[in-house]
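Report on the structure given below.
Numbered from 1 within each chain, the chains take letters A, B, ... in sequence-line order.
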Number of protein chains: 2
Amino acid sequence: MAKDKVQKLPSIKRLPAYLRELKSLREEGRQVVSTTLLAQRLRLESIVVRKDLEITGVTGSPGVGYKVEDLIGGIEEFLGWNNTSDIFLVGAGALGTALLGYKGFSEYGLNIVAAFDADPNKVGTEIHGKPVLGMDAFANLAERMKIHMAILCVPCDAAQAVAELMVAAGIRAIWNFTGATLNVPEHVVRQRVNLAGDLAVLSVALAEKLKEEQRGS
Amino acid sequence: MAKDKVQKLPSIKRLPAYLRELKSLREEGRQVVSTTLLAQRLRLESIVVRKDLEITGVTGSPGVGYKVEDLIGGIEEFLGWNNTSDIFLVGAGALGTALLGYKGFSEYGLNIVAAFDADPNKVGTEIHGKPVLGMDAFANLAERMKIHMAILCVPCDAAQAVAELMVAAGIRAIWNFTGATLNVPEHVVRQRVNLAGDLAVLSVALAEKLKEEQRGS
DNA sequence: AACTTTTTGTGAATTTTGTAACAGTCGCGG
DNA sequence: CCGCGACTGTTACAAAATTCACAAAAAGTT
Ligand SMILES: NC(=O)c1ccc[n+]([C@@H]2O[C@H](COP(=O)([O-])OP(=O)(O)OC[C@H]3O[C@@H](n4cnc5c(N)ncnc54)[C@H](O)[C@@H]3O)[C@@H](O)[C@H]2O)c1
Ligand SMILES: NC(=O)c1ccc[n+]([C@@H]2O[C@H](COP(=O)([O-])OP(=O)(O)OC[C@H]3O[C@@H](n4cnc5c(N)ncnc54)[C@H](O)[C@@H]3O)[C@@H](O)[C@H]2O)c1
């Protein structure tokens with residue numbers, strides 16, 4: 001029954017880039033912006049921008065453009081980034097440490113509350129001001145604090161086990177930085193950061209470019 | 001003129017996941033695999049897997065499946081990951097440090113040779129066994145060592161300037177971990193790691209799921 | 001040997017995404 | 001207050017990706 005397909009994925013993925021640019025424009029004191037300008041800044045076609053912005057429901061005025069404020073508000077509301085959501089992070093290793101210190105998340109309405117790790121040497125310490133707790137504390141705290149989202153950056157082999165623990169603790173959304181494919185129940189959403197996939201695209205594009213060049217010259 | 005569109009992007013992005021699973025199957029001593037099994041492991045439909053594998057040119061035999069060895073070889077060759085490529089990293093900060101220590105890159109035929117940073121306190125040190133050099137050394141070394149690829153993880157504001165320096169040094173592919181949209185000439189390929197975009201998808205999917213649930217109950 | 005099951009490979013249908021075209025609105029400069 | 005260029009919003013069209021449908025191959029089963 002559950003036909004939980006989110007539509008217009010590509011558009012949604014581009015929204016944060018618009019948001020970033022819009023905030024930068026606001027800094028510059030700009031109040032109005034056209035899709036032409038946005039497109040130019042983001043190296044896209046203006047029609048793409050127009051179509052993307054359509055899904056937020058924000059409207060502009062012909063001959064003028066959109067109000068910067070409206071767009072920022074509209075995108076944030078569409079993404080649910082206007083209210084900050086608290087999130088837990090599991091795996092305070094190399095990558096986890098970088099994420100814990102990343103200032104940019106506040107732009108996305110994201111607040112990492114605490115980190116969790118299996119390593120007893122790390123438990124009890126603080127990283128970038130965030131406490132590192134033991135895995136046994138996870139379920140209890142998640143429930144008490146009503147945390148629904150979690151970042152997963154443990155080694156790949158541990159990923160599935162940790163994910164199951166998350167699900168059992170009531171987590172509903174897992175942001176997965178590991179290479180593993182998670183098996184989770186229907187009611188949990190998951191999003192994998194596919195670095196390898198991006199690199200694959202880059203590799204193929206470069207090879208293509210070089211080949212083409214050889215042909216051309 | 002150059003209509004350098006790489007086709008089947010979604011398929012290419014999935015290939016590394018197959019590769020990972022295939023290597024794991026090889027570990028387990030498996031010699032043959034069907035798209036049915038692969039799909040099950042990666043939570044995809046078997047037809048998706050079949051279509052994706054098609055682009056590598058590897059063929060299987062009906063009723064049996066594909067040889068695991070063949071597929072691994074085929075995918076690696078298609079992606080150009082069979083010969084290791086050397087790459088430079090610029091921005092040895094929080095994220096850069098994590099990347100420098102990441103063992104997984106060798107799976108992708110990627111070898112980070114050296115890091116570069118503007119911070120004089122970092123220059124001259126080593127991170128995870130990789131030397132951190134000053135920015136002034138970049139161009140010269142890139143040419144001498146014939147490096148074509150670079151990882152960009154400096155703060156967003158510095159991204160464009162550093163990218164231009166890379167291009168001037170002959171870099172042909174930039175793996176961009178910053179939020180900035182890079183302006184580079186036609187002959188350079190770029191791939192942005194869009195964390196914010198992934199989070200956007202997760203946010204919307206979760207909101208959707210919750211809304212749907214409310215309706216359903 | 002005939003039949004069943006599993007699975008590949010391909011061409012075609014369907015859905016989704018990206019592009020183009022254009023009517024209609026707005027503000028501006030005369 | 002009229003015409004012009006800039007811009008939106010919508011409808012129509014094209015391309016790409018996904019999904020379906022099925023013939024044919026291999027291996028096992030009766
Ligand atoms: N480092 C990178 O740059 C990078 C890049 C891409 C992907 N990744 C992925 O991110 C993940 C983490 O990478 P990393 O480099 O930070 O590894 P890491 O080894 O530095 O950190 C892993 C952390 O997880 C903890 N851990 C291990 N098992 C656990 C468990 N069962 N429960 C809770 N905590 C546990 C460890 O104590 C450690 O602190 C890996 O899956 C890796 O593939 C890392
Ligand atoms: N930390 C994260 O988890 C994270 C997550 C997503 C994206 N990012 C992005 O990655 C980038 C780096 O993030 P970070 O957290 O590592 O930042 P950071 O401040 O820890 O590191 C930036 C590094 O770049 C160096 N640098 C600054 N200007 C430079 C220049 N002009 N030339 C060469 N080096 C220069 C600095 O000395 C520093 O070492 C940022 O663009 C950030 O948005 C980071």
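- For B/R172 and A/E213, the salt-bridge test passes: some basic side-chain N is under 4.0 Å from an acidic carboxylate O.
- Surrounding CD of B/E27 are at most 12 heavy atoms belonging to other residues, nucleotides or ligands under 6.0 Å away.
- The NZ atom of A/K51 sits 9 Å away from the P atom of D/dT11 (whole-angstrom rounding).
- For the pair B/L38 CG and C/dT6 C1', the interatomic distance rounds to 15 Å; values are reported in whole Å.
- Comparing A/G63 and A/D52 by the nucleotide of DNA chain C that holds the closest heavy atom to each, the one mapping nearer the 5' end is A/D52.
- Taking each heavy atom of B/V6 and A/A205 in turn, the nearest pair found is CG2-CA, 3.8 Å.
- Backbone-only contact: A/T36 has heavy atoms under 4.0 Å from sugar-phosphate atoms and none from a base.
- For A/L9 and C/dG18, the CG to P distance is 10 Å, given to the nearest whole Å.
- We find that CD of A/E45 is positioned 15 Å from C1' of D/dA15, with the value rounded to whole Å.
- One N or O on the side chain of A/Q160 and one on the backbone of A/N183 form a donor-acceptor pair closer than 3.5 Å.
- The residue A/T59 sits close only to the backbone: its heavy atoms come under 4.0 Å of sugar-phosphate atoms, none of a base.
- Separating the CZ atom of B/R14 from the P atom of D/dT19 is a distance of 8 Å, rounded to the nearest angstrom.
- Separating the CD atom of B/Q7 from the C1' atom of D/dA14 is a distance of 13 Å, rounded to the nearest angstrom.
- In this pair, B/W81 and B/Y108 present their aromatic rings tilted. The plane angle is within the 30 to 60° band.
- Side-chain atoms of A/K8 lie closest to C/dT17 of the nucleotides C/dG24, C/dT17, D/dA24.
- Checking the phosphate oxygens (OP1, OP2) of C/dT6, no side-chain nitrogen or oxygen of B/S34 falls inside 4.0 Å.
- When the P atom of C/dT7 is taken as reference, atom CZ of B/R50 falls 10 Å away, rounded to whole Å.
- Comment: A/K23 engages A/E76 in a salt bridge, judged by a side-chain N to carboxylate O separation of less than 4.0 angstrom.
- Here the C1' atom of nucleotide C/dG9 and the OH atom of B/Y66 are 7 Å apart, to the nearest Å.
- Heavy-atom distances under 4.0 Å link DNA chain D to no residue of residues 195-206 of chain B.
- Between the A/K209 side chain and the B/V189 main chain, no donor and acceptor come within less than 3.5 Å of each other.
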